[in-house]
Amino acid sequence: MTIRTLRDYGQHYRPRMACLKNVEVFVVEMQDPKSGVKGADQKLNVTIIPHVINGQDVLAWIVTKMKVTTEEAQAFGTMLVAYGYIYPLQNHRKLVLVPDSTLYRFQTPYFWPVQKWPAEDIDYAIYLARRNIRKKGMLEPYEQQHYDNLHKWMNPKWDFIVMQATEQYKANKERKKPDRVVLDCQERAYWIVHRPPVLTFDVVRRTNIFLTQALMRSAVKSSVSLTAFVKFVTTHHNHDPFLTTPVPSNPWITDSDEFWQLNSRSVDIPTKLSVERWVLSFWELISDPRGRVDFKLFLKKEHSAENMAFYEAAEEMRWGAASAIPEKSQFIFNTFLKPGAPRWINIDGRTMGLTVKGLVVPHRYVLDAAQTHIFLLMKKDTFYRYLKSPVHKDMQKRALVPAPHVFTDAQLEANVRNRNPGISPILQWQQEEEEKAAAAVAARPIDVKAMVATNKLDRK
Amino acid sequence: MCDQTFLAITFGPCDSCSENRPLMNLYIKTEPINYCSLCMEIMACQGLASGETLKSLKAESETLRKKLEEERKKLHDVELEKVAEKAEALGELNMKTRRTLKGHGNKVLCMDWCKDKRRIVSSSQDGKVIVWDAFTTNKEHAVTMPTTWVMACAYAPSGCAIACGGLDNKCSVYPLSLDKDENLAAKKKSVAMHTNYLSGCTFTNSDMQILTSSGDGTSALWDVESGQLLQSFHGHSADVLTLDLAPSETGNTFVSGGSDKKANVWDLRSGQNVQSFDTHDSDINCVKYYPSGDAFASASDDSTCRLFDLRADREVSIYSKDSIMFGAASVDFSLSGRLLFAGYNDYTINVWDVLKGTRVAILFGHENRVSSLRVSPDGTAFCSGSWDNTLRVRQEGRGVGRELKQGGTTLYG
């Protein structure tokens with residue numbers, strides 16, 4: 001987050017340019033009289049200009065030195081010109097490296113974007129004085145301490161410091177407000193790093209607390225976790241559109257959105273690739289909306305749909321609005337947790353005890369223990385039964401393998417013109433909410449008394 | 001590590017104040033204790049006990065640090081390159097720009113995809129936030145924020161709202177409507193309040209909560225409806241520049257990177273800093289989780305991108321090259337986690353092979369720095385936003401070659 005080149009030599013901080021020191025080393029090598037770019041005297045109009053280099057030579061030198069392609073060397077060369085290390089002699093507004101006989105010169109180090117001046121005390125004093133001018137009492141206690149110290153031993157230079165600070169303050173005022181704010185933030189960040197506040201004992205204590213828990217936290221062997229990465233990459237290789245061309249076709253290439261339509265939530269028969277992805281892990285299954293629908297179907301057949309319903313309700317409470325928590329927790333308690341509840345979930349006594357106790361003063365994470373228990377139950381048991389079930393096997397058989405699109409040029413052009421605008425996500429969201437509400441009504445336990453009262457059960 | 005955060009006691013009575021609160025799992029010497037965040041703060045700020053001095057505390061820090069290094073070294077038994085030898089080599093990648101979105105009048109600072117895989121929200125320096133349907137390249141909504149430098153923007157998971165913020169120190173949520181003429185600014189909701197600029201924001205798993213990071217050194221979790229602060233995260237010693245939410249099944253952690261060169265992993269519920277990595281040499285501009293949630297990548301001003309393993313608690317790979325000297329501004333993984341896309345300040349995008357550590361491709365096209373880069377939710381393409389006022393959606397270019405000019409957008413095939 002820097003704003004464009006600010007050539008203000010009074011302020012020496014350039015926090016974002018930390019990496020330019022490598023560039024500078026490179027530019028110095030370029031100027032080496034023996035191994036650098038060959039320069040010559042050039043006659044321009046009537047004057048003879050010394051040490052002129054041409055674009056082609058610069059490009060060739062970069063290619064050899066860095067061992068890169070011409071394209072990359074061109075990009076890097078343009079950066080050198082853009083940042084002012086090399087400047088063009090003629091068309092001086094166009095800051096690009098042109099690889100022909102266009103003439104350039106090396107900029108003198110004084111004008112380089114980064115002056116490698118260390119964070120001098122004098123600059124810090126000017127910075128603090130300037131902040132003091134802006135607003136009295138704005139300095140933090142540690143900064144005030146620094147300021148007093150600097151004032152003591154820099155006393156003879158103090159007039160100079162105050163003068164510089166006033167100059168900078170006035171120059172600052174002439175900048176546009178957002179630019180000024182950005183510059184202030186950068187400067188502040190720079191000084192925080194180069195003149196860090198002295199560590200107080202509570203900061204050290206916090207570090208110690210952190211380190212103790214880091215030590216007690218068990219870590220895994222590299223071989224185990226790295227092998228897991230390789231495994232993840234390998235199993236997902238076929239699902240990555242950058243590595244395997246998606247079928248029927250990538251919508252961004254052919255402008256046909258059939259790929260998205262075939263993988264949508266409400267499609268009847270999913271694609272084979274989707275089904276394969278569900279098998280990878282329980283999380284993949286329930287992250288895919290179509291997969292979740294399938295899983296719920298299986299649960300209904302098993303008559304254990306209350307687990308998933310509880311999980312979803314707990315998720316809603318956890319991520320939902322703070323104002324809805326009391327109501328939701330009440331609903332969840334009545335539906336899932338209280339003894340004799342219509343959709344009672346089977347969790348161990350200890351967890352149940354903790355949860356019910358916590359529900360007295362509900363908090364969004366109060367169901368965490370119960371939710372974890374149910375999730376692990378579904379992951380380690382129900383998921384495997386699902387994979388062996390006829391619901392899933394049937395789906396695997398029926399899953400589609402769409403044929404890859406083969407479009408002629410004319411068809412592609414037609415696709416571009418007729419790009420499908422699709423459904424607005426807002427409409428889709430409204431649809432889903434309606435479906436959820438309908439499902440909630442359907443899942444409610446039947447109230448026998450009410451039905452009798454309205455004579456629905458009457459067989460007369 | 002996912003399973004660990006899963007099974008630890010995270011909510012219940014605090015060992016110190018007995019209130020039912022989200023708990024941090026801490027240790028005094030080797031005794032486990034469960035404190036709520038308030039009691040932890042009190043413990044840290046307690047006056048020096050007899051025999052304790054600042055020096056003795058610092059000495060304790062040193063011994064603990066050394067011990068931790070030793071422990072981690074014992075587990076470090078193999079390098080990523082060795083393990084990656086088993087993985088097959090990648091073929092040549094040929095990426096082409098499929099869409100160029102023109103319409104911003106100034107530098108594009110941030111962008112985010114919608115879960116419907118085709119819509120994008122982008123924000124720019126002049127205060128404009130635009131919602132595009134990137135597939136058709138139509139602009140669907142436009143909002144003018146009352147502030148400039150809108151550095152953060154996010155799309156809600158439902159697709160019904162966007163959040164954005166910047167120099168105004170706030171994060172505002174705008175509900176989107178189907179009515180094209182409606183003035184979105186009328187329904188704006190100010191959610192987050194920081195004491196310095198907003199550098200990053202993201203919705204959690206629903207529209208009702210937002211996680212923000214700010215230049216004041218903190219990150220915070222907010223309730224959208226009431227604007228209430230749910231949890232704040234303190235620990236960075238300088239500006240927090242970026243954050244990312246974990247995709248794991250638990251969804252309980254997030255990682256943040258800052259100007260203090262550190263990347264910290266936090267527990268959303270208790271506010272505890274659970275892991276910290278400080279191997280970068282300069283500001284961390286962007287952090288992104290690996291698709292499995294067990295690792296994350298970071299992009300920094302020191303021109304390198306690094307991969308950190310969360311389970312082994314160490315840095316496993318550095319993606320850098322001598323010819324890359326300019327800072328990396330943004331990173332993202334492809335769906336399988338094999339490719340790492342990184343946008344740099346030298347106007348290019350480098351594509352890295354995550355496992356083998358080599359660069360697979362270098363992409364040109366932008367005329368100024370690439371400020372943000374994200375892969376679409378289903379991995380079919382990635383979009384890069386740049387200071388040249390445009391956004392480009394790119395994909396692998398096997399095959400068809402045709403070019404069609406339409407209005408203000410140029411399509412390449």
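Just the heavy atoms: all of them, side chains too, but no hydrogens, waters or symmetry mates, feed the values below. Because the structure is a prediction, the values reported are computed rather than measured. Proteins come first, then strands; the chains are lettered A, B, ... in the order of their sequence lines, and each starts at number 1.
- Aromatic ring pairs are classed by plane angle as parallel below 30°, tilted from 30° to 60° and perpendicular above 60°; the pair Phe382(B) and Phe242(A) is tilted.
- For Leu109(B), no part lies near chain A; criterion is any non-hydrogen pair under 4.5 Å.
- Side-chain contact check for Arg419(A) and Asn138(B): no donor-acceptor pair (N or O, by modelled atom type) lies under 3.5 Å.
- Residues meeting the salt bridge (Lys or Arg N to Asp or Glu O under 4.0 Å) test with Lys176(A), sequence neighbours left out: none.
- Using a 4.5 Å cut-off between heavy atoms, Lys115(B) makes no contact with chain A at all.
- Using modelled atom types, no side-chain atom of Asp313(B) and backbone atom of Ala219(A) make a donor-acceptor pair closer than 3.5 Å.
- Residue Phe364(B) touches chain A through its side chain alone, counting heavy-atom pairs closer than 4.5 Å.
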Run the side chain to side chain donor-acceptor pair (under 3.5 Å) test on Thr380(B) and Trp252(A) for me, step by step, so that the C-alpha distance in whole Å, both residues' side-chain angles and the decisive distance to 0.1 Å come before the verdict.
CA-CA 8 Å; Thr380(B) 44; Trp252(A) 299 99; 3.2 Å; yes
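- Side chain of Glu396(B) to backbone of Ile253(A): no donor-acceptor contact under 3.5 angstrom is found.
- Leu339(B) touches chain A through its side chain: at least one heavy atom from C-beta onward sits under 4.5 Å away, while N, CA, C and O do not.
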Tell me, with the steps shown, if Asp368(A) and Arg269(B) meet salt bridge (charged side-chain N to carboxylate O under 4.0 Å, His left out).
CA-CA 10 Å; Asp368(A) 256 16; Arg269(B) 295 162 298 188; 2.7 Å; yes
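- The part of Thr148(B) that comes within reach of chain A is its side chain, from C-beta onward, which places non-hydrogen atoms under 4.5 angstrom from that chain.
- Using a 4.5 Å cut-off between heavy atoms, Asp223(B) contacts chain A through its side chain alone, with no backbone atom that close.
- A donor-acceptor pair under 3.5 Å is absent between the side-chain atoms of Arg21(B) and the main chain of His363(A), judged by distance alone.
- Proximity to chain A is limited to the side chain of Leu355(B), based on heavy atoms less than 4.5 angstrom apart.
- The parts of Leu80(B) that come within reach of chain A are both its backbone and its side chain, each placing non-hydrogen atoms under 4.5 angstrom from that chain.
- Considering every non-hydrogen atom in both Ser334(B) and Asp240(A), the closest pair reads OG-OD2, 2.7 Å.
- At a 4.5 Å heavy-atom cutoff, the contact between Cys160(B) and chain A is made by backbone and side-chain atoms alike.
- Contact of Asp133(B) with chain A is made through the side chain alone, with heavy-atom distances under 4.5 Å.
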Given side chain to side chain donor-acceptor pair (under 3.5 Å), test Arg314(B) with Ser222(A) step by step and report yes or no.
CA-CA 9 Å; Arg314(B) 53 176 272 262; Ser222(A) 287; 2.6 Å; yes
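- Looking at Ser371(B), there are no atoms closer than 4.5 Å to chain A (heavy atoms on both sides), in backbone or side chain.
- Formation of a donor-acceptor pair under 3.5 Å by the Asn22(A) side chain with backbone atoms of Met325(B) is not found in this model.
- Looking at Ser206(B), its side chain does come within 3.5 Å of a backbone N or O of Trp319(A) through a donor-acceptor pair.
- With a 4.5 angstrom heavy-atom cutoff, Ile28(B) does not touch chain A via any of its atoms.
- Proximity to chain A is limited to the side chain of Glu71(B), based on heavy atoms less than 4.5 angstrom apart.
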Candidate pair Asn263(A) and Asp378(B), rule side-chain contact (heavy atoms from CB on, under 4.5 Å), full reasoning
CA-CA 10 Å; Asn263(A) 284 302; Asp378(B) 61 351; over 6 Å; no
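- Residues Leu215(A) and Leu64(B) approach most closely at CD1-CD2, 3.7 Å, considering heavy atoms.
- Looking at heavy atoms from C-beta onward, Glu72(A) lies in side-chain contact with Ser323(B) at the 4.5 angstrom threshold.
- At a threshold of 4.5 Å between non-hydrogen side-chain atoms, the residues Leu57(B) and Arg205(A) count as touching.
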